[in-house]
**Q** 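Can you keep this structure in mind? I'll have questions shortly.
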Amino acid sequence: MKWIENLRDPSLLNRAFTPGSQSDEIVISNPLDGQQLCAITDDSAATIERVIAEAKQAQVAWAKQSAKQRGTLLRRWFDLILGAEDDLALIMTLEQGKPLAEARGEVKYGAAFVEWFSEEGKRAYGDVIPAPVNGRQLLTLKQPVGVAAAITPWNFPIAMITRKAAPALAAGCAFVCKPAVNTPLCAYAVAELAYRAGIPRELFALVCSHDAAMVGEQFCHHPDIRKLSFTGSSRVGKILMAQSASQLQRLSLELGGNAPFVVFADADIDAAVKGAMESKFRNAGQTCVCANRFYVARTVHDEFVSKFVAEVSKLKVGNGLDAGVEIGPLIDEAALIKVGAMVEQAVTVGAQIVCGGKRHGEIKSCFMPTVLVDVDHSNPILHEEIFGPVAPICVFDTVDELIAICNDTPYGLASYFYSRDVGTIWQVATALEYGMVGINEGIISTEVAPFGGVKQSGLGREGSHQGLDEYMEIKYLCMGSLH
Ligand SMILES: NC(=O)c1ccc[n+]([C@@H]2O[C@H](COP(=O)([O-])OP(=O)(O)OC[C@H]3O[C@@H](n4cnc5c(N)ncnc54)[C@H](O)[C@@H]3O)[C@@H](O)[C@H]2O)c1
Ligand SMILES: O=C[C@H](O)CS(=O)(=O)O
């Protein structure tokens with residue numbers, strides 16, 4: 001574990017230990033080469049039960065603090081996260097694989113939610129309602145839901161936690177989170193920083209288990225957990241939604257996507273290529289909002305493909321710690337097999353590989369950036385979330401045809417299109433069945449705007465002022481006999 005000793009602050013990972021030290025351990029490995037990084041305790045159901053009980057108790061005192069007092073501690077946490085950027089980014093690249101520059105970006109992005117909700121918590125306004133009869137005063141209060149549980153994915157090991165923890169804590173909730181077993185170290189490090197900011201350990205608790213289903217069931221069936229926030233696949237989201245019915249828990253679900261990326265004939269092609277590169281290849285294509293399928297107007301198809309492939313071919317693939325690397329490894333062998341199989345299947349039904357299409361020649365944990373053309377709308381690769389650096393490109397002719405094929409999916413998270421015609425922009429933006437639409441932009445996520453999807457991409461919104469309401473209840477007070 002020499003790498004931990006070389007951190008600026010090794011105590012950030014004070015819960016990590018040398019693999020083989022105990023029987024109930026989870027070993028975390030580098031997805032690039034399988035090297036064991038360290039181990040953490042594999043928490044039992046009994047431990048999780050204790051953590052939930054402690055969180056419930058801690059939440060009572062936390063809710064009695066003013067929003068300003070809670071906001072002050074969150075602001076201190078924000079400053080500590082930014083101060084630990086070097087260590088957090090290194091930990092992230094080692095356990096998740098994304099290039100260091102992207103990891104630094106995620107540290108800042110994740111911290112931005114803490115900063116945002118350190119302020120938003122102070123704006124949890126109620127209403128005073130004009131009474132319909134004399135002698136009464138009507139008003140509403142916003143109060144914290146209580147103990148909130150969260151389950152988060154491996155692809156953004158800091159931002160997916162702070163995007164939930166920050167509004168929960170700002171609202172006055174306790175927060176118990178299970179991060180993905182591939183990437184718990186970033187979670188433990190940002191939690192350690194929260195404790196140093198003055199946020200109680202019992203109030204912001206992390207649990208980790210190899211048995212994710214057991215944790216999900218325990219969270220969903222626990223009477224003291226009033227809110228469940230999940231980010232991950234639509235498959236698991238549906239399981240959790242069904243399980244949470246037993247307690248009628250408040251739910252936030254940030255699930256899978258199948259983002260169309262559309263280039264109209266009147267688009268700025270160079271801008272579209274830039275946006276396509278940013279959206280498609282971020283985190284080696286392992287984001288829920290990555291462009292998943294490309295639709296290009298027939299008259300500009302060849303120009304777009306030529307310019308796009310020229311840029312794709314320049315991407316540097318390899319170890320995320322090496323300077324200039326833009327595409328790191330996929331998260332695990334299963335992901336590599338899945339992406340490779342999707343490309344092979346697409347080719348068997350007519351797609352042509354323009355570049356990439358296979359693993360890196362030497363670094364087998366990396367999949368080469370890939371562009372496919374001659375992809376028919378019926379090709380399966382357009383109807384599944386690829387979660388890899390593969391860009392299938394289709395041609396389209398009319399706006400109506402385009403809108404229909406974009407909406408022909410059970411998903412509805414992010415979507416993107418490039419056009420400079422205001423009539424086209426409003427027609428397409430209002431017709432797309434998605435929670436988020438990028439118009440002449442390929443990267444749209446920000447803490448100030450509502451992030452979330454429709455259809456099978458989820459429920460609720462994160463970030464923005466809406467994100468706080470996910471962790472609050474509205475109470476109506478009717479005060480009578482006021483003559
Ligand atoms: N909408 C978003 O904001 C967003 C963000 C990131 C990832 N995602 C989606 O997540 C998927 C990729 O991430 P992933 O592979 O980690 O997803 P996943 O659903 O397999 O796992 C997500 C989390 O759920 C846990 N989990 C797995 N099975 C569970 C069960 N039966 N009960 C309870 N918890 C369980 C995992 O341990 C992990 O912590 C993609 O579909 C991606 O689109 C969505
Ligand atoms: O992968 C899912 C993340 O929510 C993407 S983003 O970092 O919020 O854009």
Side-chain angles (χ1 to χ4, degrees), residues 149-156 159-160 163-164 178 180 212-213 216-217 219-220 227-246 248-262 279-280 283 285-295 331 334-335 338-339 342 345-346 377-388 390 392 394 402-417 428-438 444-445 449-464 466-467 470:
I151 298 172
T152 55
W154 48 261
N155 61 341
F156 287 84
M160 295 306 99
R163 195 159 81 178
K164 301 173 187 302
K178 186 209 81 68
E217 286 166 13
F219 281 176
C220 289
K227 164 80 182 183
L228 179 67
S229 183
F230 172 72
T231 295
S233 63
S234 297
R235 177 187 70 84
V236 175
K238 292 176 185 177
I239 293 171
L240 294 171
M241 184 172 188
Q243 291 176 173
S244 70
S246 71
L248 271 180
Q249 292 167 336
R250 295 279 299 277
L251 268 186
S252 294
L253 299 174
E254 299 289 349
L255 306 178
N258 181 7
F261 189 103
V262 182
S279 176
K280 178 66 258 184
N283 202 9
Q286 301 172 115
T287 95
C288 58
V289 292
C290 279
N292 200 59
R293 48 195 171 126
F294 291 76
Y295 299 108
I331 190 66
K338 172 180 173 267
V339 172
M342 292 178 80
Q345 183 188 45
H377 180 58
S378 62
N379 195 310
I381 200 167
L382 299 179
H383 300 277
E384 295 175 56
E385 189 175 44
I386 299 167
F387 239 57
V390 177
C394 285
L402 178 275
I403 290 169
I405 54 181
C406 283
N407 288 338
D408 180 21
T409 172
Y411 293 104
L413 191 60
S415 56
Y416 310 89
F417 68 90
V428 175
T430 51
L432 287 175
E433 296 167 357
Y434 290 82
M436 302 178 281
V437 184
I444 59 177
S445 304
F451 184 103
V454 299
K455 297 175 19 179
Q456 297 191 28
S457 287
L459 298 171
R461 293 295 183 266
E462 295 191 310
S464 73
Q466 289 96 332
E470 301 282 341

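Because only heavy atoms are used, hydrogens play no part in the values below, and waters and symmetry mates are left out as well, while side chains stay in.
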**Q** Can you list everything that forms a side-chain hydrogen bond (donor to acceptor under 3.5 Å, both in side chains) with N283? Sequence neighbours excluded, please.
**A** Q96
**Q** Does H383 reach the main-chain N or O of P410 with its side chain, forming a donor-acceptor pair under 3.5 Å?
**A**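 Side chain of H383 to backbone of P410: no pair is present.
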**Q** Do I151 and T231 have side-chain heavy atoms sitting under 4.5 Å apart?
**A**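 Not in contact.
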**Q** Tell me, do F230 and S244 make a side-chain contact under 4.5 Å, heavy atoms counted?
**A** no
**Q** Kindly write out the residues that satisfy salt bridge (charged side-chain N to carboxylate O under 4.0 Å, His left out) with K164, not counting sequence neighbours, or none if the list is empty.
**A** E462
**Q** Show me the donor-acceptor pairs within less than 3.5 Å that the side chains of residues 234-243 make with the rest of the protein, sequence neighbours left out.
**A**
from	atom 1	to	atom 2	distance (Å)
S234	OG	G256	N	3.2
S234	OG	Q456	O	2.6
K238	NZ	Q456	OE1	2.5

**Q** Just so I know, are the side chains of P380 and M342 near enough to count as touching, which here means a heavy-atom distance under 4.5 Å?
**A** no
**Q** Using only atom types and a distance under 3.5 Å, with no angle test, would you say the side chain of Y434 pairs donor to acceptor with the backbone of C406?
**A**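 The answer is yes, because a donor-acceptor pair under 3.5 Å joins these two groups.
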**Q** With sequence neighbours excluded, tell me which residues meet salt bridge (charged side-chain N to carboxylate O under 4.0 Å, His left out) with E433.
**A** K455
**Q** Please check: side-chain N/O of E385 versus main-chain N/O of N258, any donor-acceptor pairing under 3.5 Å?
**A** no
**Q** Can you list every pair that meets salt bridge (Lys or Arg N to Asp or Glu O under 4.0 Å) and has a residue in residues 249-259, with sequence neighbours left out?
**A**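 Of all non-adjacent pairs touching residues 249-259, those that pass salt bridge (Lys or Arg N to Asp or Glu O under 4.0 Å) are R250-E473.
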**Q** Taking salt bridge (charged side-chain N to carboxylate O under 4.0 Å, His left out) as the test, write out the residues that go with K280, two or more places apart.
**A** none
**Q** Over all heavy atoms of both residues, which pair between Q286 and I331 is shortest? Give the atoms and the distance, please.
**A** OE1-N, 3.0 Å
**Q** Is it the case that the side chain of R461 and the backbone of A449 share a donor-acceptor pair, with hydrogens and angles ignored and the cut-off at 3.5 Å?
**A** no
